[in-house]
Amino acid sequence: MNENFLHYIWKHRLFNLKNLTTTNGEALTILSCGTHNQQAGPDFLQGKIKIGNVIWAGNIEIHLRSSDFEKHQHHHDEAYKNVVLHVVFEHDKEIISQKIPTLELKGLIPIHLLRNFENLQKSVDSIACEKNIAAVSGLLWEQSFSRFAFERLERKVNVVEQILKQNNHNWEETFYQLLAKNFGMKVNGEAFFELAKSLPVKILAKQKYSQMQLEALLLGQAGMLHEIFSDAYAVQLQQEYQFLQHKFSLQPIPKNYWKMARMRPQNFPPLRLAQFATLVFQSSHLLSKVLECSSIKDLKALFQIEPSNYWQHHYRLDALSDKTKKKVGDATIENFVINSIVPIVFAYGHLRQEDDLKNKALSWLEQLQAEKNSIITSWKKLNIQPANAFQSQALIELKNEFCDKKKCLSCLIGQHIINMDT
Ligand code: SF4
């Protein structure tokens, strides 16, 4: 039992509304539960009740126990002067500091609601509702996919807009920074992002005809060219960087921002930076090109990049490896589409009121296969199979933002399960 559950019960009128009385024995009718207030102040605003023959309009406060009103010091707070009803689970104390009619819900809430909610709250499963999930209809899943996929996209669009603001509405710079963050994946995303912020895209654009200079700029700014190298190419990069650093007054980020431990060599930051340099080398005005793409195939063609020859034998500077292709793989490109391209194209369409772009971004998500990661695996074990990336994004959002935070009352699946009377 918690207050959120009582809010849910009150908001949806899930208690016995017949012959209600206040704790003083006066007849009570709920005419309007009011509007749920998520900010400071009373829990429900502008409710309407009838006590005896008198109609009262005002705010409604909800607590587990009556004594909580004074415990929370509401009687000293002006915001609570207009409370017309105190709804509590248990009336344990008469409030003497402020005369407010009280409704006690104990005994009025159907037992199955209490039981189902308690089961969800006490569950130690990573998805609390897993024992009941088979009872959820396909239609409810469709609604949930749509809601959670849009919520996830909305959060990503908010991030795009924040970065755009920091970049004085420069879309190319914003895209470059977001893409850099994505190139670093989860482990080195922040380091890549800091690096991109320290190295404006206009500086890279000035050197865009030399792949080697681009590598020097990126590796140098990453703090990776301050060592003593024996390899001629690494020394050349070092010298180039020293020259460019002086020319553009650059300050590298600390090398210790980067993590290499327990990482597959394909994801080593120096190789990722070299791949990123190739992307910059091959495509100026990248965002404009992305906006013009009409299919996933076009997008994949843009991002199918291979770093310079040196990297065929290296995963990092000065350390020879067997010869292997270091092309950016399909799965990585799909990850860029889902996490960088779709949000920025959607945000661009949203801010410029170009619905075609928004629809195009959504259709890309629907065309891509569902992602493969530990969260999606946990859903698949429960036989919830996302049909595409739109649905896998929804499941990631649901798990991270709702299941892990035990916000089952705000989830359509949870509401269905709480209401099940079996
Ligand atoms: S948030 Fe929804 S899907 Fe997640 S555990 Fe709760 S009820 Fe289940």
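All ligand and atom numbering here is 1-based and tracks the order in the structure. Computed over heavy atoms, backbone and side chain alike; hydrogens, waters and symmetry mates excluded.
A cation-pi arrangement is found for Lys407 relative to Phe402, the charged atom lying closer than 6.0 Å to the ring centre and inside a 45° cone about the ring normal.
In summary, the atoms of ligand 1 found under 4.0 Å from a heavy atom of Gly414, numbered by their order in the structure, are 2 (Fe), 7 (S). Atom numbering of ligand 1 starts at 1 in the shown order; those under 4.0 Å from a heavy atom of Phe402 are 1 (S).
Taking 2.8 Å as the threshold, Cys129 counts as a candidate ligand of atom 8 (Fe) of ligand 1, since one of its N, O or S atoms lies below it. Residue side and main chain included, Cys408 places no N/O/S atom under 2.8 Å of atom 4 (Fe) of ligand 1.
Residues Phe175 and Trp171 place their aromatic rings such that the two centres sit no closer than 6.0 Å.
Checking side-chain atoms of Asn116 against main-chain N and O of Ile418 turns up a donor-acceptor pair under 3.5 Å. Side-chain N or O atoms of Asp125 include none that pairs as donor or acceptor with a backbone N or O of Ile127 at under 3.5 Å.
Nearest-heavy-atom check against atom 4 (Fe) of ligand 1 across Cys411, Cys403, Ser144 picks out Cys403.
Looking at atom 5 (S) of ligand 1, its nearest protein heavy atom turns out to be Ala128 N, 3.3 Å.
Nearest heavy atoms, Ala361 versus Val345: CB-CG1, 4.0 Å.
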